[in-house]
There are 2 protein chains.
Amino acid sequence: MTNTARTHPPKPVHLDDVSKAIIEQLQADGRRSYADIGKAVGLSEAAVRQRVQRLTESGVMQIVAVTDPMQLGFTRQAMIGIRASGDTRELASALAEIPEIDYVVLTAGSFDVLAEVVCENDDELISLLNSRIRSLAGVRSTETFVYLKLQKQFYNWGTR
Amino acid sequence: MTNTARTHPPKPVHLDDVSKAIIEQLQADGRRSYADIGKAVGLSEAAVRQRVQRLTESGVMQIVAVTDPMQLGFTRQAMIGIRASGDTRELASALAEIPEIDYVVLTAGSFDVLAEVVCENDDELISLLNSRIRSLAGVRSTETFVYLKLQKQFYNWGTR
DNA sequence: AGTGAAACGACCGTAGA
DNA sequence: TCTACGGTCGTTTCACT
């Protein structure tokens, strides 16, 4: 066997400058043709294709569609800091199943879990927080940070 | 004039079920061919392409490469909550220019700004926090929430 | 907004270095 | 891991609805 499926942290992958350049190209436009990318980074079309395939199959990179919540009418976003008791993994799983929550992370610090919520309006945010988050087992207290302005959002590591 | 550039919130766009289905397809694989997507959603290849073009040109959707920080050796991530004085927009701009920070949002609540940082190790995190974040003008105090486990990360709104 | 068809260009497998 | 190349399939444009 050469490469078994893993549940957790694989060994760190090293990206050379060419792969970083390819990722930069695909970050600007995920549908740019391999031939175009090849011209930009100085490689043949087939070589670019092979590298992209390796990067995606190893899980280092993904090419995906992302949407802008604001433009779709989801105008209320917030980060919820949660102080919990008991097994925080179970709480995180429960939070992850709520569709209005797009981001859940277990943390060390004065919050045990951070969850980002995306809502259409204040009423939806209020009922989400009260009826479906604060009512979950293990939630001791929450603190809400309503988003006023998203300043930066960057998706690519290892390319700087 | 019909459609001038805007700095802030455009009018909410409505997505019909077909466009949502197209976005779902492209979220699973941003390089899936328009012909394949057409088969999946019951539309001709040309129609899919037109809709994708409209979605991307209007800024509602983007197809981009995203990378996994963990697999690239950036094993320390944290959310920094910042209490600030003065103009928080200037602080947010300054934070956005730090390459190790991938996410900055102005918030209402007990923090004025939230910033997500991605580092290779603890030393990098410590020096980033002390030398380059806490030293910025207007930072009164910070609180750090070190990530233990990322449970959920979803990129697409309007498709649920 | 969507379809269909023909010309063009991109993609994929394989061979060879 | 790269280049070269040929067959196949996807994309583009355009006329039509």
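On a predicted model such as this, the values are computed, not experimentally measured, just so you know. All values below were derived from every heavy atom in this structure, side-chain atoms included, with hydrogens, water molecules and symmetry-related copies excluded. A note on names: the letters A, B, ... follow the listed sequences, proteins ahead of strands, and every chain is numbered from 1.
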ask   = Can you list every salt bridge (charged side-chain N to carboxylate O under 4.0 Å, His left out) pair that touches residues 71-85 of chain A, not counting sequence neighbours?
value = A/Arg76-A/Asp122, A/Arg83-A/Glu143
request  = Indicate the atoms forming the closest heavy-atom contact of A/Val60 with B/Gln71, along with that distance.
outcome  = CG2-OE1, 3.6 Å
ask   = How are the rings of A/Tyr155 and B/Tyr155 set relative to one another: parallel (under 30°), tilted (30 to 60°) or perpendicular (over 60°)?
value = perpendicular
ask   = Angle, rounded to 10°, between the helical axes spanning five pairs at each terminus of the helix from C/dA1-D/dT17 to C/dA17-D/dT1?
value = 40°
Please write out each protein N/O paired with an N/O of nucleotides 8-10 of chain C under 3.5 Å, distance rounded to 0.1 Å.
none

ask   = Which residue pairs satisfy the side-chain hydrogen bond (donor to acceptor under 3.5 Å, both in side chains) criterion with at least one member in residues 35-47 of chain A, sequence neighbours excluded?
value = A/Glu45-A/Arg49
key: With B/Leu148 via side chain to side chain contact (heavy atoms under 4.5 Å, CB included) - residues at least two apart   = A/Leu106, A/Ala108
task = Name all residues meeting the side chain to side chain contact (heavy atoms under 4.5 Å, CB included) criterion together with B/Arg31; count only those two or more places apart in sequence or in a different chain, and write none if there are none.
result = A/Leu26, A/Tyr34, A/Ile37, A/Ile63, B/Asp29
request  = Measure across B/Val41 and B/Ala21 and return the closest heavy-atom pair with its distance rounded to 0.1 Å.
outcome  = CG1-CB, 3.7 Å
message = I'd like the 5' and 3' limits of the part of DNA chain D contacted by chain A, with heavy-atom contacts below 4.0 Å.
response = D/dT1 to D/dT11
inquiry  = Tell me which pairs pass ring pair (Phe, Tyr, Trp, His ring centres under 6.0 Å) where either residue lies in residues 109-142 of chain A, with sequence neighbours left out.
reply    = A/Phe111-B/Phe145
task = Go through the structure and list residues passing side chain to side chain contact (heavy atoms under 4.5 Å, CB included) with A/Gln62, not counting sequence neighbours.
result = A/Val64, B/Val66
ask   = Considering only heavy atoms, which members of residues 50-61 of chain B lie under 4.0 Å from some atom of DNA chain C?
value = B/Gln50, B/Arg51, B/Arg54
ask   = Which value, rounded to the nearest 0.5 Å, describes the distance between B/Leu55 atom CG and A/Thr67 atom OG1?
value = 9.5 Å
inquiry  = For B/Leu150, give me all partners under side chain to side chain contact (heavy atoms under 4.5 Å, CB included), at least two apart in sequence or on another chain.
reply    = A/Tyr103, A/Val105, B/Gln153
ask   = Please, which pairs that meet ring pair (Phe, Tyr, Trp, His ring centres under 6.0 Å) have at least one residue in residues 78-101 of chain B, sequence neighbours excluded?
value = none
